[in-house]
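Notes follow once the structure below has been shown.
In the text below, chain A, chain B and the rest are named by the order of the sequence lines, each starting its count at 1.
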2 protein chains.
Amino acid sequence: MSLAHAILGLLQQEERTGYDLKTSCFNQTVAHLWPADQAQIYRTLDKLVEQGWISCTVKIQRDRPNRKVYSVTASGKAELTRWLQCSQPLPIVRDPLLIQLYFADQLPNAAIIQLLEQQLIARREKLAECENIELPMLNDKSASRDQVMQRLVLELAIQREKTYIDWLKTGIDIISCQKEE
Amino acid sequence: MSLAHAILGLLQQEERTGYDLKTSCFNQTVAHLWPADQAQIYRTLDKLVEQGWISCTVKIQRDRPNRKVYSVTASGKAELTRWLQCSQPLPIVRDPLLIQLYFADQLPNAAIIQLLEQQLIARREKLAECENIELPMLNDKSASRDQVMQRLVLELAIQREKTYIDWLKTGIDIISCQKEE
DNA sequence: TGTTAATATATGATTAATCAAATATAAGAT
DNA sequence: ATCTTATATTTGATTAATCATATATTAACA
């Protein structure tokens with residue numbers, strides 16, 4: 001499961017709590033790669049401990065509730081390195097809009113265009129989110145190795161949105177010219 | 001759930017059995033929009049009958065096992081029309097390769113490139129599959145309304161693969177030039 | 001003093017999807 | 001005669017993800 005390995009990767013960057021993972025990773029950049037909710041994160045942490053891939057230390061805090069800080073064990077590090085080299089299957093995409101459009105011939109043009117316009121808004125918002133993430137450009141020679149990797153990932157996310165946006169615009173044009181019924 | 005509505009749409013095109021849905025829809029074009037396995041299809045058919053959106057007639061066959069043929073009811077047709085006009089959320093994409101790349105700074109360049117090369121092969125295969133689907137082009141004026149919709153959907157699938165392929169090529173170039181460690 | 005917000009973790013229930021396998025009929029091939 | 005293939009449906013088990021909610025501590029605010 002990739003979520004487990006994503007968490008392993010994040011904990012290898014630095015030790016964190018479940019709360020940290022949620023608020024500073026899975027609510028931020030990682031949300032674009034592998035969204036995960038809080039319940040799943042805490043449960044996956046439990047599984048990783050069971051597996052022996054991470055270990056937990058309770059940090060007592062005076063001013064706030066105590067934290068369970070997790071860090072990667074030697075065996076966890078080995079597992080991550082192993083997994084990082086395994087070829088993974090293509091992701092499965094299930095896009096409700098495509099199903100709608102596939103059967104949209106029975107809708108009036110205006111209704112179809114409304115669907116596409118709404119997606120266009122949502123996609124533009126997502127593109128803006130991705131473009132707001134600050135990372136050195138691919139041609140920036142001062143970028144560290146991990147920044148290059150992260151920028152590369154971000155570039156796909158951005159390109160993906162741009163492709164979708166272009167396609168939506170084409171779709172709107174095409175439908176506008178269609179004879180109804 | 002979109003699977004239910006996809007099935008509703010397919011049954012509105014013509015009455016079909018679970019087997020038909022699997023072999024001539026979910027193994028073919030629809031596989032690129034909304035993959036579904038056989039167990040899920042049959043179970044969803046049961047749910048749709050319970051809802052009263054489709055009805056079932058058993059067709060006795062002499063030469064082959066009997067078929068349960070499903071067709072859309074009036075209430076099913078209404079439900080489909082309703083659903084087709086509801087704005088749907090953006091699909092959630094979880095791509096394991098992006099997680100790998102995000103943490104790939106600890107891998108040697110050759111290992112990263114191997115990951116990307118393998119995805120490139122898989123993506124090219126998928127692109128070829130999409131391009132093999134026969135549908136009139138968007139500028140073809142003899143195309144029927146439903147063919148236009150289906151071509152539009154296919155165009156996104158194709159563009160999506162092309163975007164991914166371009167990105168993979170860029171990625172391979174960038175990683176090749178990276179200093180290791 | 002009581003309320004809300006932020007920090008922090010845990011659990012129950014449900015849905016959607018996947019995997020595996022069982023069952024049955026008949027045609028066609030070896 | 002047996003094996004395979006295609007047709008056709010059903011069920012059990014499990015995983016991954018989501019949703020809702022519960023619990024606890026402290027700070028800040030009104």
Roughly, in whole Å, what's the span from CZ in Arg64(B) to C1' in dG28(C)? 12 Å
For DNA chain D, whose closest nucleotide is more 5', that of Thr17(B) or that of Lys47(A)? Thr17(B)
Arg124(A) with Glu129(A): basic N within carboxylate O range, under 4.0 Å: no
Atom CG of Leu21(A) to atom C1' of dT9(C): distance rounded to whole Å? 13 Å
How long is the line joining CG of Asp37(A) and C1' of dT15(C), in whole Å? 13 Å
Output yes when Glu14(B) and Arg16(B) qualify as a salt bridge under the 4.0 Å nitrogen-oxygen rule, no when they do not. yes
Does this structure show an ion pair linking Arg67(B) with Asp20(B), if we count only N-O contacts that are shorter than 4.0 Å? yes
Taking the nucleotide of DNA chain D with the closest heavy atom to each, which residue, Pro65(B) or Gln40(A), is nearer the 5' end? Pro65(B)
Backbone N or O of Gln88(A) within a donor-acceptor pair of the Gln119(B) side chain at under 3.5 Å? yes
Check whether the side chain of Arg43(A) and the base of dG12(C) form a donor-acceptor pair under 3.5 Å. yes
In whole angstrom, what separates Leu3(B)'s CG from dA17(C)'s P? 6 Å
Would you indicate, yes or no, if dA8(C) has its OP1 or OP2 atom less than 4.0 angstrom from a side-chain nitrogen or oxygen of Arg67(A)? yes
Report yes if at least one side-chain N or O of Thr23(A) is closer than 4.0 Å to OP1 or OP2 of dT7(C); otherwise report no. no
Are any of Arg94(A)'s side-chain N or O atoms less than 4.0 Å away from OP1 or OP2 of dT18(C)? yes
Please tell me whether Asp95(A) and Tyr164(A) have a donor and an acceptor in their side chains that are separated by less than 3.5 angstrom. yes
Phosphate OP1/OP2 of dA8(C): any Gln61(A) side-chain N/O under 4.0 Å: yes
N or O in side chain of Tyr42(A) less than 4.0 angstrom from dA10(C) OP1/OP2: no
For atom NE2 of His5(B) and atom P of dT15(C), their distance in whole Å: 16 Å
Does a nitrogen or oxygen in the side chain of Tyr19(B) sit under 4.0 Å from OP1 or OP2 of dT7(D)? yes
Met1(B) CE to dA17(D) C1', in whole Å, measures 15 Å
So, OP1 or OP2 of dT7(C): does either fall under 4.0 Å of a side-chain N or O from Lys68(A)? no
When you measure only distances, ignoring hydrogens and angles, does the side chain of Gln38(B) come within 3.5 Å of the base of dT9(D) through a donor and an acceptor? yes
Distance in angstrom units between Leu45(B) CG and dT11(D) C1', rounded: 15 Å
